[in-house]
Structure formats: C-alpha cells, structure tokens
Amino acid sequence: MILREIVQRTVEEYDFKRLHIATIGSHSALNIFKGAKDEGFSTLCICERGRERVYQRFPLVDRYILLDDLTQLLDEDIQQRLLSLNSVIIPHGSFNAYIGSERIEESFKLPIFGNRALLTWESHREMQDKWLKLAGVPVPKTYSSPDEIDTLTITKFPRAKGGRGYFLANNRRVYERKAAEMLKKGLISEEDLKEPQIQEYITGAPVYLHYFYSPLNNRLEFLGADRRYESNVDGLSRIPAADQLESGVDATYTVIGNFMVVLRESLLSQVYDLGEKVLEASRRIAPPGLIGPFCLETVCTENLKLIVFEISCRIVAGCNVAIGYSPYTYLLYGEPMYMGRRIAREIKNGFQQDKIGMLVT
Ligand code: AMP
Ligand code: AMP
C-alpha cells in the first residue's frame with residue numbers, strides 16, 4: 001500500500017518549474033492537457049503505442065511515454081521516468097478500466113491529484129451503494145439476485161466498457177432470456193454474469209452532474225452537466241413502434257458521446273445538496289475524502305427528484321462537452337474554465353500556497 005505521507009513528500013520536493021501534468025492518452029486527456037496548457041504547465045501523455053497519432057493532431061502534449069500495454073505504467077522503470085519528470089498524475093476513467101484501482105493503491109508511487117482510495121470505492125458496486133446510503137441521497141432500489149426482480153430493472157456489469165451489455169428486465173424469466181442473448185452477442189461474459197448489478201429502472205431524464213471540490217478554498221463548485229448519447233438506445237426512437245416489436249431489438253447502452261445539459265434553475269439547490277452530502281460522507285469512508293472532480297450520475301424524475309445511480313471520483317468524459325466553458329463556469333469565473341483547467345488551477349494554487357500536499361494521495 002502506498003502511504004500518503006510518502007507521496008506528499010515526493011510532490012513537495014518537485015521542481016515546480018519542471019512539473020508535468022500527466023495522464024493516459026484516452027477518455028478526457030485532451031480536456032486535461034488543454035487545461036494544463038491554459039495554466040502554463042508542461043504536459044505528458046502516457047499512451048498506448050499508435051494512439052499518440054490522435055494527440056499529435058493537437059498542440060497540447062509536450063512529451064509522450066509510449067507503452068505496448070497500459071499496465072506497464074506500474075513498471076518500476078516507467079514510474080522512475082515519471083518521477084524524474086516531476087509528474088502529477090490526473091486519473092480518469094481509463095485508470096480504473098485498464099489498470100485497476102487496487103493495483104494503483106498498492107504500487108503506483110506517483111502523486112495522484114485526487115483520493116486514490118476512492119477510486120476503489122468507485123470500482124465496486126456494493127461500496128458505492130454503501131457510500132451513497134451513508135450520504136443519505138436518494139438511490140434506486142437494488143436487487144441481490146434475479147429472483148427478487150419485481151419491477152422494471154436495469155442490469156449492469158462491473159468494468160462495463162461504456163455501458164455495453166446492459167439490459168432491462170421486469171422479471172426473472174426476461175432477465176434470463178436477455179442475459180443469454182447478451183452472452184451470445186458477445187457483449188458480456190460468463191464472468192460478468194457472476195456479478196450482475198441489478199437496479200430498479202428509474203423512469204425520467206438522465207443527467208450527469210460535474211462537481212469540483214477545492215480543498216484549498218474549502219468550496220464545492222458545480223461546473224456543469226451532461227447527458228450521454230448511447231448506441232443503440234438513442235436510435236430506437238427512430239424505429240416506429242410496430243417495427244420495433246417485429247424486429248425484437250433490445251436496448252443497449254454503449255456510450256458514444258455526450259451532450260451538454262443546462263438544468264432548470266430550481267434544480268440547483270438539490271444539485272448542491274446532493275454534492276455536499278456525498279462530499280461529507282466521503283470524508284468518513286476514506287479521509288481526507290473527495291479532492292477535485294467528481295460526478296453524480298442521476299435520473300431526474302417527473303416530480304423533479306434527482307435519484308443518484310452512480311458516482312465517479314475523478315474527471316468524467318462528460319466534462320468534455322464543456323471544454324472552454326459551461327454556463328456555470330462562466331457564471332463562477334467569467335473566463336474560460338472547465339474541468340481540465342480547474343484541476344490545473346488548483347494544482348498551481350497548491351504549489352503557490354505551499355499546500356500541494358493537501359491535493360494528492
Ligand atoms: P476509450 O478512451 O474510448 O478507450 O475509453 C476509456 C474508458 O473510458 C472506457 O472504460 C470507456 O468506457 C470510458 N469512456 C470513454 N468515453 C466515455 C464517455 N463519453 N462516457 C463514459 N465513459 C467513457
Ligand atoms: P451507467 O453506465 O451506470 O452510467 O449507465 C448507463 C445508462 O444506463 C445511462 O444512460 C442511464 O440512463 C441508464 N441507467 C443506469 N442506471 C439506471 C437506473 N437505475 N435507472 C434508469 N436508467 C439507468
């Protein structure tokens with residue numbers, strides 16, 4: 001297990017002028033690199049060989065570390081190179097998806113902006129449920145087995161790549177049929193089916209809320225919101241109902257992009273209330289709690305109630321809709337501000353105020 005004190009000492013010994021903001025080349029890397037550049041930092045892209053060609057099309061990356069396999073990030077020589085480049089790592093969705101939070105907690109020595117213990121809370125459904133319940137925010141009912149299904153449910157799988165293989169079922173029989181179909185289509189594996197996450201399906205409008213908690217200012221900021229564009233579910237409405245019934249297509253939820261959402265203004269008090277509650281609970285489950293970006297994934301019902309069905313403890317790809325600014329960051333900052341830049345700004349302030357240790361784990 002990597003001790004926080006050691007990471008803090010590492011970052012405090014960094015040469016601020018030679019600092020690199022580093023992340024894996026995928027997910028929200030462009031957002032992070034642009035933010036770092038806007039705040040005057042050098043950037044480092046840790047990239048699967050071949051994928052650097054996309055990043056080379058933008059004037060954002062100063063250095064690359066090319067890997068054949070992203071798990072090589074944990075190799076001693078790679079870690080030493082990152083340390084010698086005074087790198088602060090910004091985690092995003094690919095860290096959990098391709099490397100795994102447990103391995104990061106155990107053996108990744110680099111300073112991570114954020115709370116690495118919470119990345120593990122994010123990776124386990126039961127831990128997320130415990131956290132959200134402790135926070136006292138409204139959540140969908142969960143089912144521990146398909147036998148218990150008594151209403152419309154959505155079944156998801158850990159490590160799902162952008163919602164691939166999710167399905168709806170309103171009883172056990174339908175559950176089994178759909179699970180078998182998803183297996184046959186290769187969208188899920190036998191292994192996935194051992195750990196299904198079955199949740200009550202909340203009918204309403206999905207909205208993903210992007211927050212930033214600044215430990216330096218002790219302030220929770222709401223920076224924006226998005227909704228996902230998912231294949232094939234978002235295309236189903238283009239098929240007339242009669243044809244849908246005849247073709248028997250099932251909804252799937254593979255995310256292919258995002259749209260910006262501006263919320264009805266009267267929802268904002270709930271937005272801040274949910275964020276504050278989740279932040280407060282995070283301090284109890286994994287001190288010092290959330291640092292920097294996090295996201296609550298919600299469905300807003302017709303009664304204007306936001307139900308939280310998931311939490312992410314790092315920048316989410318939905319923030320990419322607001323590179324430049326969102327209405328909320330414009331209101332707060334009056335200058336271009338977005339998650340990647342907000343992260344870099346906090347790191348810069350952390351160094352300038354001699355408080356960088358507060359921001360890393
Ligand atoms: P990729 O860069 O497409 O290989 O994605 C890296 C990881 O981030 C995968 O686990 C994806 O499912 C996830 N991801 C990428 N883009 C999005 C998005 N817009 N919304 C949600 N998850 C995403
Ligand atoms: P996720 O991968 O958990 O972010 O979910 C992907 C998609 O499934 C999103 O479009 C959500 O709208 C939908 N979804 C997930 N959980 C629920 C739920 N409990 N009720 C309704 N929709 C959900």
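Just so you know, ligand 1 is whichever comes first in the structure, and atom 1 is the first atom listed for that ligand. The first residue in the sequence is number 1, and the count goes up from there.
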task = May I ask you to list the atoms of ligand 2 that are less than 4.0 angstrom from any heavy atom of Pro206?
result = 12 (O)
task = Determine, for Glu190 against Lys194, whether the closest basic-nitrogen to carboxylate-oxygen distance falls under 4.0 angstrom.
result = no
request  = Verify, without hydrogens or angle tests, whether Ser326 (side chain) and Tyr328 (backbone) share a donor-acceptor contact under 3.5 angstrom.
outcome  = yes
ask   = Counting each atom of ligand 1 from 1 as listed, which ones have a heavy atom of Arg228 under 4.0 Å away?
value = 21 (C)
query = Between Arg81 and Asp77, is a salt bridge (Lys or Arg N to Asp or Glu O under 4.0 Å) present by the stated rule, with each step listed?
reply = CA-CA 6 Å; Arg81 242 166 96 195; Asp77 56 328; over 6 Å; no
remark   = Logged contact type for Asn320 with ligand 1, heavy-atom cut-off 4.0 Å, is neither
note = So the atoms of ligand 2 within less than 4.0 Å of a heavy atom of Lys156 turn out to be 3 (O), 15 (C), 16 (N)
message = Can you give me the closest heavy-atom contact between Glu122 and Cys313, atom names plus distance?
response = OE1-N, 2.7 Å
task = Would you confirm whether the ring centroid of Tyr338 sits within less than 6.0 angstrom of the ring centroid of Tyr325?
result = no
inquiry  = For Tyr166 together with Phe157, are the ring centres under 6.0 Å from each other?
reply    = no
ask   = For ligand 2, is any non-hydrogen atom under 4.0 Å from Ile154's backbone (N, CA, C, O), its side chain (CB onward), both, or neither?
value = side chain
query = What atoms in ligand 1 come closer than 4.0 Å to a heavy atom of Ala317?
reply = 16 (N), 17 (C), 18 (C), 19 (N), 20 (N)
task = Would you mind telling me if ligand 2 is within reach of the side chain of Glu200, the backbone, both or neither, using heavy atoms under 4.0 Å?
result = backbone
note = ligand 1 atoms nearer than 4.0 angstrom to some heavy atom of Ala97 are 10 (O)
key: Verdict with supporting geometry, Arg284 and Glu280, salt bridge (Lys or Arg N to Asp or Glu O under 4.0 Å)   = CA-CA 7 Å; Arg284 288 191 269 157; Glu280 200 279 318; 3.1 Å; yes
Contact summary for Ser101 and Asn96, nearest pair of heavy atoms = CB-OD1, 3.4 Å
query = Hey, does Tyr253 come in under 3.5 Å of ligand 2, counting only N/O atoms on both sides?
reply = no
message = Out of all atoms in ligand 1, which are within 4.0 Å of some heavy atom of Ser94? Include the element for each.
response = 6 (C), 7 (C)
query = Applying the side chain to side chain contact (heavy atoms under 4.5 Å, CB included) test to Tyr201, which of Val299, Thr153, Leu168, Thr151 qualifies?
reply = Leu168
ask   = Do the ring planes of Phe309 and Tyr208 sit parallel (below 30°), tilted (30 to 60°) or perpendicular (above 60°)?
value = perpendicular
inquiry  = I need the contact type for Phe309 against ligand 2. Using non-hydrogen atoms and a strict under-4.0 Å cut-off, is it side chain, backbone, both or neither?
reply    = side chain
Numbering as shown, the atoms of ligand 2 that approach Glu297 to under 4.0 Å (heavy-atom distance) = 4 (O)
message = Can you name the atoms of ligand 2, numbered from 1 with element, that are less than 4.0 Å from a heavy atom of Pro140?
response = 19 (N)
inquiry  = Consider side-chain hydrogen bond (donor to acceptor under 3.5 Å, both in side chains). Of Arg341, Arg345, Glu221, which one does Tyr333 pass it with?
reply    = Glu221
ask   = At a non-hydrogen distance cut-off of under 4.0 Å, which region of Arg51 contacts ligand 1 (side chain, backbone, both, or neither)?
value = side chain
Per atom 6 (C) of ligand 2, closest listed option by heavy atom (Tyr166, Tyr229, Tyr201) = Tyr166
request  = For atom 13 (C) of ligand 1, state which one of His92, Glu230, His27 supplies the nearest heavy atom.
outcome  = His27
query = Looking at ligand 2, does any of its N/O atoms fall within less than 3.5 Å of an N/O of Ile202?
reply = yes
